[in-house]
Each structure stands twice: as C-alpha cells, then as structure tokens.
Amino acid sequence: MRLLVCGGAGFIGSTFARQRLREHGDEVTVLDKLTYAGREENFHDFAEDPRFRFVRGGIEDPAAVAEAIQAGSPEAIVNFAAETHVDRSIAEPDAFVTTHALGTYVLLEAAREHELRYLQVSTDEVYGSIEQGTFTEESPLCPSSPYSATKTGADLLVQSYFHTYGLPAVICRGSNNYGPYQYPEKLIPLMILNALHGDLLPVYGDGMQVRNWIHCSDFARAIGQVLESGAAGEVYNAGGPDEEANMTVVERIIELTGASESQIEYVKDRPGHDRRYSLSSEKVRALGWEPRVRFQEGLEETVAWYRENAWWWEPIRSGDYRAYYERQYGRALS
Ligand code: NAD
Ligand code: DAU
C-alpha cells in the first residue's frame with residue numbers, strides 16, 4: 001500500500017512507518033511539522049529506504065498536505081499528527097486546537113478530494129476516567145483535558161465525514177503507549193532518564209492513578225490491522241494487556257536502573273487528573289489482532305533501549321526540554 005503517514009516523525013508514527021516498510025513492503029511518505037516532539041532521528045534507520053519520503057509541513061496547511069499527496073500519491077492517510085502531552089495542553093492549549101481541529105479538517109478535505117481511505121489515530125482519553133470496569137467503543141465520550149477534548153472533537157469530525165460524505169474513514173483509539181523513541185516528558189521515559197541521572201522522580205498526587213500500558217509496536221500493529229480490515233465508519237479500541245498504578249511503574253524502574261527510593265518526590269497533582277483508563281479491545285481482536293508484549297518484559301527492554309541510546313536522548317536533555325522541565329517541575333535537571 002502507498003501511505004501518507006502524518007506525524008510520522010513522532011514516537012508511535014515512526015514505529016508504524018518502520019513496521020510498514022519492513023514487514024509489509026508499503027511505500028511511506030511522512031508529513032510532519034517537526035515540533036519539539038518530532039525528530040528526524042526517529043527515522044535514522046530507514047531514512048535511506050527508497051520507498052520512504054519525508055515532507056516537512058503542518059497538517060493544518062493545505063499546501064503542505066497537497067505537496068505530500070503529490071509526492072507519495074497515497075492510497076490512504078494515517079493521521080498520527082498531534083500535540084500529545086496533557087500537561088502542555090493545560091499550560092498552553094493553543095496548538096492543540098489548531099492541530100487537532102483545523103489539521104484534521106484539512107486532512108479530511110484532502111482525503112475527500114483524492115478519494116483516499118482515512119485512519120485517525122486516537123486515544124482512550126476521549127472516554128474520560130473510569131474507576132471500575134472497562135470502556136468499549138459504545139461508551140460515552142467524556143474528555144477531561146484540553147488535549148483529550150480536542151482529540152474528541154477530531155474524532156467527531158472524522159465520523160461526520162463518513163456519515164455526510166461517505167468517506168471511508170476509521171478510528172483507532174489506543175491506551176498508554178511506551179517503548180523506544182518516546183519523548184522524555186512522558187511518565188516512563190522521564191522516570192527512566194531521571195533514575196539513570198540521579199534526578200528526582202516526580203510522582204503526581206498519591207501515585208495510585210492507573211494506566212493500561214501498550215507497547216508501541218503492538219499499537220502500531222493494531223493500527224495496521226484496522227487500516228487493512230476495519231469497517232468504514234467504525235471505531236476500534238486497542239488497549240494493552242496490563243494495567244499498572246503509576247507507583248508500581250516507578251518502583252519497577254527504580255529496580256531496573258539501580259536508582260534509589262529516596263529519589264521519589266511527591267509533587268503537586270495534575271489539575272483534572274484522570275484516575276484510571278481501561279480499554280476493551282474485543283472488536284480489534286475480532287479482526288485478528290492481539291498484543292504480543294507484556295508490560296514487565298516491555299519495560300525491561302525499554303529501560304535497556306534508553307541505556308544504550310544516549311545519542312538519541314542527550315540532545316533532548318541538553319536542549320529546550322531543560323527549560324520545559326524547570327517550568328513544569330520547578331527544579332533543574334542534573
Ligand atoms: P508524539 O508527540 O511523539 O508525536 C507527534 C508527532 O506529530 C510529532 O512528530 C510532531 O512533530 C507531529 N506534529 C504535531 N503537530 C503537527 C502538525 N500540526 N502537523 C504535522 N505534524 C505535527 O506523539 P505520539 O505519542 O507518537 O502520538 C501519536 C498519536 O497517537 C497522537 O495522535 C496521539 O494522540 C495518539 N496516541 C498516543 C498515545 C500515547 O500514549 N503516546 C496513546 C494513544 C494515542
Ligand atoms: O492514555 C493515552 C494517553 O496516554 C495518550 O493519549 C497521551 O498522548 C499520552 O501522553 C498519555 O497520557 P497520560 O497523561 O496518561 O501520560 P503521561 O505519561 O503524561 O502520564 C502518565 C501518568 O503518570 C499520569 O497518571 C500522570 C502521571 N505522571 C506523569 C508525569 C509526566 C506523574 O506522576 N509524574 C510525571 O512526571
């Protein structure tokens with residue numbers, strides 16, 4: 001298949017691009033704005049593949065989208081492009097509205113004009129928090145943060161293009177991803193790098209919030225499965241095999257890195273913090289997908305990857321991220 005992968009220079013988008021090039025023989029054109037989270041380093045190992053192209057630009061820019069479509073003549077658009085950090089959405093929601101609302105609209109119009117299949121990558125956060133039980137695709141949408149509210153708006157717009165124009169669009173909603181190439185503002189890579197550097201491990205609130213962890217390679221395969229065999233107009237949840245409280249994750253990272261318990265610091269809670277996410281994945285399992293990586297082994301491999309790939313994270317930790325960290329946590333990195 002010829003694919004236009006928007007946001008393919010980010011964590012999950014680059015995992016998906018790598019998987020489709022290596023395991024499916026697809027042609028991949030990436031369109032990415034290269035925000036702070038998008039990095040060409042994320043495709044260092046396939047940048048020279050003749051079936052791969054990169055166009056720099058924003059999905060909200062119709063000229064950039066037209067250029068990428070011209071370059072790759074795709075059969076489908078897979079949209080990962082997003083602002084993805086909840087804390088940043090609380091501090092500065094602006095870019096979240098532009099990328100999720102306007103950006104998704106521009107891509108949908110392009111898909112309509114060129115008669116392309118369209119897959120929107122979405123999140124379990126659109127359902128809000130659940131104390132007990134698990135969300136299905138029928139659960140009401142109840143987002144809590146500017147991040148999840150704008151992602152929800154994008155999902156609704158995608159569904160309206162199916163209902164109104166018959167656009168063959170599908171949505172795949174994932175739970176919390178982890179794995180290589182994840183920007184260290186997110187819980188797992190932040191804790192790994194801080195643990196390795198002897199920095200503090202900032203736990204929000206009581207640390208008993210629960211997340212449903214999925215390895216990025218499993219989420220990327222779920223997206224591929226939905227792209228290939230999902231029914232137009234449908235939503236598919238893809239949740240990971242394990243749920244863990246944040247404190248359990250931090251404790252495990254301390255064990256794996258040889259850090260000290262004394263590095264843990266309870267800090268001010270995130271405003272509007274969702275307590276628990278949990279997704280039922282029965283519908284995507286019925287298409288033939290299942291997760292392959294259990295959390296214990298995936299976390300161990302992830303810690304090993306960050307240990308061995310300082311070339312990837314050193315420029316981040318010594319760059320703009322330092323200032324972000326200081327603003328967010330009120331303390332400096334070592
Ligand atoms: P990421 O922050 O690592 O990457 C986002 C990418 O989008 C970056 O390369 C960035 O440069 C690009 N981008 C941002 N705004 C853009 C714009 N206007 N135009 C073009 N490119 C733009 O994010 P990620 O964790 O890889 O998430 C990818 C997608 O998966 C997002 O849609 C996110 O909502 C969804 N998702 C993420 C998770 C998770 O746990 N990380 C879970 C479920 C769903
Ligand atoms: O559930 C899917 C979502 O998972 C994605 O849609 C988002 O793009 C992605 O960022 C992620 O959102 P979370 O808010 O769950 O992830 P984050 O890594 O920011 O936080 C995970 C949990 O850890 C959450 O309960 C907040 C907590 N946390 C986070 C950070 C960064 C801390 O306790 N300390 C921290 O320093």
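Ligands are counted one by one from 1 in listed order, and the atoms in each one are counted from 1 as well. Heavy atoms only: backbone and side chains are in, while hydrogens, waters and symmetry mates are out.
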- [ ] Mind checking whether His85 contacts ligand 1 via backbone (N, CA, C, O), side chain (CB onward), both or neither, at a 4.0 Å heavy-atom cut-off?
- [x] neither

Task: Atom indices of ligand 1, in the order listed, that fall short of 4.0 Å to a heavy atom of Leu34 - done: 11 (O)

Task: ligand 1 contact on Glu60 by region, counting heavy-atom pairs under 4.0 Å - done: side chain

Open item on the list: Below the 3.5 angstrom mark, is there an N/O of Gly10, backbone or side chain, next to an N/O of ligand 1?
Closed with: yes

Task: Tyr147: numbered ligand 2 atoms lying under 4.0 Å from its heavy atoms - done: 5 (C), 6 (O), 7 (C), 8 (O)

Task: Thr84 N/O under 3.5 Å from ligand 1 N/O - done: yes

Task: Nearest-0.5 Å distance, CG of residue Leu31 to CD1 of residue Ile59 - done: 8.0 Å

Task: Under 3.5 Å: donor-acceptor pair, side chain of Asp61, backbone of Ala63 - done: yes

Task: Asn176 N/O under 3.5 Å from ligand 1 N/O - done: no

Task: Arg173 backbone acceptor or donor facing Thr123 side chain under 3.5 Å - done: no

Task: For Asp124, atoms of ligand 2 separated by under 4.0 Å from a heavy atom - done: 1 (O), 2 (C)

- [ ] Determine, considering heavy atoms only, which of Arg275, His273, Gln328 sits nearest to atom 26 (C) of ligand 2.
- [x] His273

TODO: Run the numbers for me: atoms of ligand 2, each under 4.0 Å from some heavy atom of Val203, listed by number.
DONE: 33 (O)

Task: Protein heavy atom at shortest distance from atom 21 (N) of ligand 1 - done: Lys33 N, 3.2 Å

Task: Expected output: side-chain Ser175 to main-chain Gly240 donor-acceptor under 3.5 Å - done: yes

Task: Location of contacts on Tyr36 toward ligand 1, heavy atoms closer than 4.0 Å - done: neither

Open item on the list: I want to confirm something. Looking only at heavy atoms, which of Cys172, Ala82, Gly103, Ala238 is nearest to atom 14 (C) of ligand 1?
Closed with: Ala82

Task: Close-contact set for ligand 1 against Phe80 heavy atoms, below 4.0 Å - done: 28 (C), 29 (C), 31 (C), 32 (O)

TODO: Say whether Asn177, considering both its backbone and side-chain N or O atoms, lies within less than 3.5 Å of an N or O atom on ligand 1.
DONE: yes

Task: Short N or O distance, Tyr329 and ligand 2, threshold 3.5 Å exclusive - done: yes

TODO: Could you tell me if any non-hydrogen atom of Ser175 lies under 4.0 Å from any atom of ligand 1?
DONE: yes

TODO: Compute the centroid of each ring, for Tyr321 and then for Tyr183, and state whether the two points are separated by less than 6.0 Å.
DONE: yes

- [ ] Kindly identify the option in Thr35, Ile12, Asn212 whose heavy atom sits closest to atom 41 (N) of ligand 1.
- [x] Ile12

- [ ] Name the option, out of Glu125, Glu185, Arg88, Arg276, that contains the heavy atom nearest to atom 13 (P) of ligand 2.
- [x] Glu125

Open item on the list: So if I count the atoms of ligand 2 from 1 in the order they appear, which ones are less than 4.0 Å from some heavy atom of Lys186?
Closed with: 10 (O), 18 (O)

- [ ] Considering only non-hydrogen protein atoms, determine which one is nearest to atom 18 (O) of ligand 2 and report residue, atom name and distance to 0.1 Å.
- [x] Leu187 N, 2.8 Å

TODO: Compute the shortest N/O to N/O distance between Thr99 and ligand 1 and return yes if it is under 3.5 Å, no if not.
DONE: yes

TODO: For Tyr277, counting its heavy atoms only, list the atoms of ligand 2 lying under 4.0 Å from any of them.
DONE: 1 (O), 15 (O)

